[in-house]
Chemist: 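Could you have a look at this structure, given as structure tokens, before my questions?
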Amino acid sequence: MSEIRDVRIKKRQELMDAGMNPYGKKFLKTHTIESFLKVFEKDLEVSLTGRMVLLRGHGKTLFADIKDETGKVQTYFHKDILGSENMDFVKKLDVGDIIGVKGKAFLTRTGEPTILIESFEILSKSLMPLPEKFHGLKNQELRVRQRYLDLIVNDEVRERFKFRSQMIQKTRQYLESLGYMEVETPMMHDVAGGAAAKPFITHHNTLDLDLYLRIAPELYLKRLLVGGFEKVYEINRNFRNEGVSPRHNPEFTMLELYAAYGNYEDMMKITEDLIVHLVQERDPSMVLKWGDHSLDFSTPWKRVSMKDAVKDHTGVNIDTVNLKELSAKYGFDDSHKMTRAGLLAHIFEEEVEKTLINPTFVIDFPTELCPLSKTHPHDPTLSERFELFIGGQEIANAYSELNDPVEQKRRFQDQIDLREGEDGYSIDEDFVNALEYGMPPAGGLGIGIDRLAMLLTGVVNIREVILFPQMRKDGSTS
RNA sequence: GGGGGCAUAGCUCAGUUGGCAGAGCACCACCCUUUUAAGGUGAUUGUCGAAGGUUCGAAUCCUUCUGCCCUCACCA
């Protein structure tokens, strides 16, 4: 129905014809709505801006709720104050219009702080109707495809994205306070490394060069350790050409940080400290509701080896169990390269991950699953690596970084052999070369920022913490 | 990619056994000078996601397609 739009286009023209610009310019406001409400005082002269979200006509007057980034306030257009000519302009206003107002504060009979408008400007005439005032916008698809409407109408959505921004801001402050330096490394890689994932492929025309959108910044950040920076971090996007799900978006935000001369124990401490710091500000009780779960962030967090986690949960002792029996049970057949380590990881993912609701560090990963990690000094089959699980999801992943170039190259080659024939996988020779110059021992950590934001805001779908998550092409008009 | 569910007015939603496509809000007109999802009177509002099929007759049954949600697989 374009009738509403037609009516508004007509009003737009009538405003212009009457000399009132419906798309105004810079407007100086004295307060945000939040700050106005805080300092409210009768007869205070203020100017405010906002979008009209609710109109209540009342004879020769009009109440309009206007909303800015910080809140909502009632305004009052009165014919006796504005005069009949201005009141004609008021009749051309609609829900959705963005206006600037000047006026005097007062309290209505019922005690509502209100601005008695002395003058106003139309800063943007809205042509499209907003979603319904009471039920708002619920349609999942529209909420994402037209996120701007979601943000206008659904306050809790706007608050959630504000929180996400503050969470990242606090993370930066925390890391800076520990002496970490933020860096930016390439998004376009000629070798897709640092994680096991399918990359997106793109092409540089002038250089005639196929490039991969990065799947992880890891190998570049470690080059910086070689270069002599001792504490670096990066918060930015990774791109993985894989399925979309309530927990996966093709582009997602990752914090990676590296500390020279440290190890994965340091990373465990920094992970716990950072997340506890963020949770504490959210809710000092340290317990957050998340979906059907309640997450208890009280320290110290549980630590369990992968072997023990599997043993405790399934009774399977991976070192003594009959492999054939077990692989049959878990759907492994001869076509898989079945090893005890591979099977352990498989059972862990199938049976254990989803049960790790309160924060749990899983440690002592089999080395063959950790191509970038140092091994335990006393047991080379295990690596100095942990993954942090909260709410059954992997939130963080960290190692004592492997800094032996010869061993690193051998492990890369093993990975390539496993993925024989697949495109996009090759050894980052320059990274190995960098290691040959000497990288200090280091702890390295990655934290999934979107998932952390999910936990801290209580939502179970990643698209609720990503402003514009990936969607298919809109099929509604075809 | 596999399996299940959903798609009706700008928004939120009803729609019985296949029998004239509905409500609330929004919009429009009129009334109303402190309302609070204001109120009152009246009017308008549709490619029932798309294309086929069955039928005297399809929003409703069948097929295909598109999109969204859930789930499995890949993965963080």
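Chain A is the first sequence line, chain B the second, and so forth, proteins listed ahead of strands; every chain is numbered from 1. Computed from a predicted structure; not experimentally measured.
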Chemist: Using a 4.0 Å heavy-atom cut-off, does A/Met254 contact any base of the nucleic acid, only the sugar-phosphate backbone, or nothing at all?
Modeler: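 Touches nothing.
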Chemist: Please confirm whether the shortest side-chain N or O distance from A/Asn249 to OP1 or OP2 of B/rA76 is below 4.0 Å.
Modeler: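 No, because none of the side-chain N or O atoms of A/Asn249 sits under 4.0 Å from OP1 or OP2 of B/rA76.
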Chemist: Is the shortest side-chain N/O distance from A/Lys133 to OP1 or OP2 of B/rA38 below 4.0 Å?
Modeler: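 Checking B/rA38 against A/Lys133, a side-chain N or O does come within under 4.0 Å of OP1 or OP2.
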Chemist: Of A/Val95 and A/Thr114, whose nearest nucleotide on RNA chain B comes first from the 5' end?
Modeler: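 Nearest nucleotide further toward 5': that of A/Val95.
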Chemist: What I'd like to find out is whether the side chain of A/Arg147 reaches to under 4.5 Å of the side chain of A/Phe161, using heavy atoms alone.
Modeler: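 Yes, their side chains come closer than 4.5 Å.
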Chemist: Please give the nucleotide sitting opposite B/rC68 as a Watson-Crick or G-U wobble pair, both distances under 3.5 Å, or none.
Modeler: B/rG5
Chemist: From the set B/rU36, B/rC68, B/rA37, return the single nucleotide nearest to any side-chain atom of A/Thr108.
Modeler: B/rU36
Chemist: Are A/Glu464 and A/Arg143 ion-paired here, with the side-chain N under 4.0 Å from a carboxylate O?
Modeler: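 Answer for the salt bridge query: yes.
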Chemist: Touch check for A/Glu350, heavy atoms < 4.0 angstrom, all strands: base, sugar-phosphate only, or nothing?
Modeler: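 Sugar-phosphate, backbone atoms only, no base.
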Chemist: Paired with B/rG42 by Watson-Crick or G-U wobble geometry, both distances under 3.5 Å: which nucleotide is it?
Modeler: B/rC28
Chemist: Quick one: is B/rA37 close enough that its OP1 or OP2 comes under 4.0 Å of any side-chain N or O from A/Arg56?
Modeler: no
Chemist: Would you please confirm or rule out a distance under 4.0 Å between OP1 or OP2 of B/rC27 and any side-chain N or O of A/Arg8?
Modeler: no
Chemist: Hey, what are the protein-to-nucleotides 28-31 of chain B N/O distances that come in under 3.5 Å?
Modeler:
from	atom 1	to	atom 2	distance (Å)
B/rC28	OP1	A/Lys11	NZ	2.7

Chemist: Which value, rounded to the nearest 0.5 Å, describes the distance between A/Glu69 atom CD and A/Thr49 atom OG1?
Modeler: 10.0 Å
Chemist: Measuring to OP1 and OP2 of B/rA76, would you say a side-chain N or O of A/Arg240 lies under 4.0 angstrom away?
Modeler: yes
Chemist: With a 6.0 Å cut-off on ring centres, are A/His189 and A/Tyr220 close enough?
Modeler: yes
Chemist: With A/Glu272, which residues qualify under side-chain contact (heavy atoms from CB on, under 4.5 Å), at least two apart?
Modeler: A/Val276, A/Thr299, A/Trp301, A/Phe361
Chemist: Is A/Arg463 close enough to B/rC70 that one of its side-chain N or O atoms is under 4.0 Å from OP1 or OP2 there?
Modeler: yes
Chemist: Please report the distance, rounded to the nearest Å, between CZ in A/Arg109 and C1' in B/rA38.
Modeler: 13 Å
Chemist: On RNA chain B, nearest-nucleotide positions of A/Pro131 versus A/Leu107: which is more 5'?
Modeler: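 Its nucleotide being nearer the 5' end, the pick is A/Pro131.
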Chemist: Scan for salt bridge (Lys or Arg N to Asp or Glu O under 4.0 Å) pairs involving residues 242-254 of chain A, sequence neighbours excluded, and state none if there are none.
Modeler: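 Qualifying pairs, neighbours excluded: A/Arg237-A/Glu251.
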Chemist: Measuring only the C1' atom in each nucleotide, how far is B/rA26 from B/rC13? A whole number of Å is fine.
Modeler: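 To the nearest whole Å, 14 Å.
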Chemist: Please state whether the base of B/rU33 and the side chain of A/Asp80 form at least one donor-acceptor pair under 3.5 Å?
Modeler: yes
Chemist: Nearest whole angstrom, please: distance from the C1' of B/rG49 to the CZ of A/Arg472.
Modeler: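 After rounding, the gap between these two atoms is 16 Å.
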Chemist: For A/Phe252 and B/rA76, is the gap between ring centres under 5.5 Å while the planes differ by less than 30°?
Modeler: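 Given the distance and angle limits, yes, they stack.
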Chemist: In Watson-Crick or G-U wobble terms, both distances under 3.5 Å, what is the partner of B/rG52?
Modeler: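 For B/rG52, the partner nucleotide comes out as B/rC62, under the 3.5 Å rule.
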Chemist: A/Gly243 near the nucleic acid: base, sugar-phosphate alone, or nothing, with a heavy-atom cut-off under 4.0 Å?
Modeler: base
Chemist: Is A/His58 side chain donor-acceptor paired with the B/rU33 base, going by distance under 3.5 Å alone?
Modeler: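 A donor-acceptor contact between them is absent.
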Chemist: Does B/rC74 pair with anything, Watson-Crick or G-U wobble, both distances under 3.5 Å, and if so, with which nucleotide?
Modeler: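 Result: none.
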Chemist: Distance to the ring centre below 6.0 angstrom and angle to the axis at most 45 degrees; does that hold for A/Arg385 and A/Phe365?
Modeler: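 A/Arg385 over A/Phe365 ring: yes.
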Chemist: When you measure from the side chain of A/Pro129, which nucleotide among B/rC69, B/rA76, B/rG10 comes out closest?
Modeler: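 My answer, after comparing the listed nucleotides, is B/rG10.
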Chemist: Output the rounded distance in Å from CE (A/Met454) to P (B/rA76).
Modeler: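 Answer to the nearest Å: 16 Å.
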Chemist: Check A/Leu48, A/Thr75, A/Leu93 against A/Phe120 for a side-chain contact (heavy atoms from CB on, under 4.5 Å) and give me the one that passes.
Modeler: A/Leu93
Chemist: Tell me whether the guanidinium CZ or amine NZ of A/Arg160 lies under 6.0 angstrom from the six-membered ring centre of A/Phe163 and within 45° of its axis.
Modeler: no
Chemist: If you measure from the C1' atom in B/rC48 to the same atom in B/rC61, how many Å do you get, rounded?
Modeler: 16 Å
